[in-house]
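Sequence lines set the chain letters: A, B, ... in the order given, protein chains first and strands last, and positions in each chain run from 1.
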Number of protein chains: 2
Amino acid sequence: MDKYESLKLDNQLCFPLYAAGKEVVRKYHALLDELGLTYTQYITLMVLWETDGVSVKDLGGRLLLDSGTLTPLLKSLEKKGFVTRRRGDADERMVFVYLTEEGLALRDRAVGIPPRIAECVNLTREEAKTLYSLLNKLISGLTGE
Amino acid sequence: MDKYESLKLDNQLCFPLYAAGKEVVRKYHALLDELGLTYTQYITLMVLWETDGVSVKDLGGRLLLDSGTLTPLLKSLEKKGFVTRRRGDADERMVFVYLTEEGLALRDRAVGIPPRIAECVNLTREEAKTLYSLLNKLISGLTGE
DNA sequence: TTCAATTAAATTGCGTACAATCTAATTGAA
DNA sequence: TTCAATTAGATTGTACGCAATTTAATTGAA
């Protein structure tokens with residue numbers, strides 16, 4: 001019995017979590033390069049494609065990112081011409097993010113990305129579903145409560 | 001039928017992967033602060049606690065990190081007095097990393113970390129095992145071949 | 001009404017990640 | 001043997017990611 005057993009990399013659940021997250025993002029980067037996007041910019045646009053005109057706070061809640069990450073990222077997306085930012089009228093503390101025409105048009109090119117990522121995922125449909133729900137359960141435990 | 005269905009955040013496996021990896025590392029940071037370590041430094045020491053005197057290349061292979069990440073990280077661990085680095089004799093291109101007494105001693109304080117992380121993981125033993133093996137399968141698909 | 005507490009973003013500082021490039025050591029086929 | 005190709009690590013530049021702090025707007029209890 002090794003008193004340090006729990007400190008072995010192979011016995012840790014967290015390391016494959018960390019590594020898988022990292023490798024997935026890396027896979028995306030090669031594909032997203034063609035669109036001039038980083039992974040974080042891409043998921044930010046995904047939220048906007050679903051719901052345009054979201055506040056920075058709501059974006060952060062959806063993506064689990066804070067303003068320290070989002071503010072420079074949104075400025076970068078703005079400089080590329082994909083979004084605009086506007087202070088709220090009712091509450092001037094808030095900043096809302098809107099897609100430009102170019103940002104909206106990018107969606108048609110982005111639809112090609114998910115299937116190409118799917119090719120790299122060597123899991124059955126069933127395994128992917130299991131993984132998906134376990135991850136979401138884990139995330140709710142880590143963030144909520 | 002929405003032609004953009006695949007671009008919804010909730011339909012993507014990769015987002016929870018990215019988010020879970022991020023949140024896990026964040027959980028660690030609070031605990032590791034007490035040891036004066038970051039998460040990446042911690043997993044680097046985990047490898048060394050198992051096998052002292054590893055080359056930078058082998059460390060990278062184990063942790064899926066390249067020299068661009070490891071070199072400054074190892075210099076930082078060296079400055080804190082936890083490791084030393086030495087060029088190989090047989091092959092001077094290689095650099096080997098060794099634990100100092102302090103670095104080895106840190107292991108006794110680090111054993112307290114895994115159980116405290118486990119408290120935050122709201123999965124059954126069975127679920128954790130399933131998640132672990134699915135993640136490793138996914139990683140091998142993303143990295144290998 | 002008022003002002004202390006709260007809230008939303010922005011800013012600052014540090015530590016990853018990684019692609020791309022560079023340098024020096026080693027290898028191996030002609 | 002030799003030198004082109006490979007290899008290991010270091011360096012450079014860009015983009016997160018987040019804790020901590022700051023600024024400005026809003027809220028709410030006395």
Side-chain angles (χ1 to χ4, degrees), chain A residues 15 18-34 36-44 54-80 85-97 142-143, chain B residues 15 18-45 54-80 85-97 142-143:
Chain A
F15 175 67
Y18 157 79
K22 220 161 41 77
E23 293 305 315
V24 154
V25 170
R26 201 151 71 89
K27 265 291 187 238
Y28 267 101
H29 267 306
L31 303 183
L32 289 172
D33 244 12
E34 303 170 12
L37 294 175
T38 64
Y39 180 71
T40 322
Q41 291 166 0
Y42 169 70
I43 58 176
T44 300
V54 177
S55 71
V56 173
K57 179 183 165 54
D58 286 348
L59 261 179
R62 200 90 165 70
L63 301 174
L64 304 183
L65 295 171
D66 71 1
S67 66
T69 301
L70 285 173
T71 296
L73 182 146
L74 292 170
K75 284 181 180 173
S76 158
L77 281 178
E78 193 168 39
K79 196 155 67 178
K80 293 182 199 179
R85 296 182 305 143
R86 200 159 53 241
R87 285 271 164 197
D89 293 325
D91 188 336
E92 289 188 26
R93 288 172 304 180
M94 297 206 274
V95 167
F96 293 90
V97 186
L142 288 172
T143 58
Chain B
F15 176 67
Y18 157 79
K22 221 160 41 75
E23 293 305 315
V24 155
V25 170
R26 201 151 70 89
K27 264 293 184 238
Y28 267 101
H29 267 304
L31 303 182
L32 289 172
D33 245 13
E34 303 169 13
L35 305 189
L37 293 176
T38 64
Y39 180 71
T40 322
Q41 291 167 1
Y42 168 72
I43 59 176
T44 301
L45 288 177
V54 177
S55 71
V56 172
K57 178 183 166 53
D58 286 348
L59 261 180
R62 200 88 164 73
L63 302 174
L64 305 182
L65 294 171
D66 69 2
S67 67
T69 301
L70 285 173
T71 297
L73 183 145
L74 293 170
K75 284 181 180 172
S76 158
L77 280 177
E78 192 169 39
K79 196 155 67 178
K80 294 181 199 178
R85 297 181 307 144
R86 200 158 54 242
R87 284 270 164 199
D89 293 325
D91 187 337
E92 290 187 27
R93 287 172 306 179
M94 296 206 275
V95 167
F96 293 91
V97 186
L142 287 172
T143 58

- Proximity to DNA chain D (any heavy atom under 4.0 Å), residues of residues 87-97 of chain A only: A:Ala90, A:Asp91, A:Glu92, A:Arg93
- Scanning all shown strands, the Watson-Crick or wobble mate of C:dA30 with both distances under 3.5 Å is D:dT1
Are the side chains of [X] and [Y] in touch, meaning some heavy atoms are under 4.5 Å apart?
X	Y	value
A:Leu63	B:Phe15	yes
B:Leu74	B:Val95	no
B:Leu65	A:Lys22	yes
B:Thr38	B:Val25	no

- Query: Quick check: does any side chain N or O of B:Thr44 sit under 3.5 Å from a backbone N or O of B:Thr40, one acting as donor and the other as acceptor?
  - Reply: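 The answer is yes, because a donor-acceptor pair under 3.5 Å joins these two groups.
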- Message: Looking at A:Val97, is its backbone amide N or carbonyl O close enough to the side chain of A:Arg86 to form a donor-acceptor pair, meaning the two atoms are under 3.5 Å apart?
- Response: no
Between [N] ([atom2]) and [X] ([atom1]): distance, integer Å:
X	N	atom1	atom2	result
B:Leu32	C:dT16	CG	C1'	14 Å
A:Leu59	C:dA9	CG	C1'	13 Å
B:Ile43	C:dA17	CD1	P	7 Å
A:Asp33	C:dA20	CG	C1'	12 Å
A:Lys27	C:dA17	NZ	C1'	16 Å

- Query: Using a heavy-atom cut-off of 4.0 Å to chain B, what are the terminal contacting nucleotides of DNA chain D, in 5' to 3' order?
  - Reply: D:dT7 to D:dA19
- Message: So if I take residues 61-75 of chain A and measure heavy-atom distances to DNA chain C, which residues fall below 4.0 Å?
- Response: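 The stretch gives A:Ser67, A:Gly68, A:Thr71, A:Lys75 as the residues lying under 4.0 Å from the strand, ordered by number.
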- Map B:Lys80 and A:Glu23 onto DNA chain C by nearest heavy atom, then report which one ends up closer to the 5' terminus.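 Its nearest nucleotide being more 5', the pick is B:Lys80.
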- Comparing A:Tyr18 with A:Val56, nearest DNA chain C nucleotide closer to 5' gives the residue A:Val56
- Side chain of A:Arg26 only, please: which of C:dA8, C:dT16, C:dC18 is the nearest?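 The listed nucleotide nearest to A:Arg26's side chain is C:dC18.
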- Message: Within this structure, what is the CE-CG distance for the pair A:Met94 and A:Asp58, rounded to the nearest 0.5 Å?
- Response: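 Reported to 0.5 Å precision, the distance equals 8.0 Å.
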- Taken to the nearest 0.5 Å, the spacing of A:Leu37 CG from A:His29 NE2 works out to 10.5 Å
- Message: Would you say NZ of A:Lys57 has more than 12 non-hydrogen atoms from neighbouring residues, nucleotides or ligands within 6.0 angstrom?
- Response: no
- How are the rings of B:Tyr18 and A:Tyr39 set to each other: parallel, tilted or perpendicular (split at 30° and 60°)?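 Perpendicular, since the angle between the ring planes exceeds 60°.
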- Answer yes when B:Glu23 and B:Arg26 have at least one side-chain N-carboxylate O distance shorter than 4.0 Å, and no when they do not. yes
- Contact class for B:Ser76 (heavy atom, under 4.0 Å): base, sugar-phosphate, or nothing?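 Answer is nothing: B:Ser76 stays at 4.0 Å or more from every strand.
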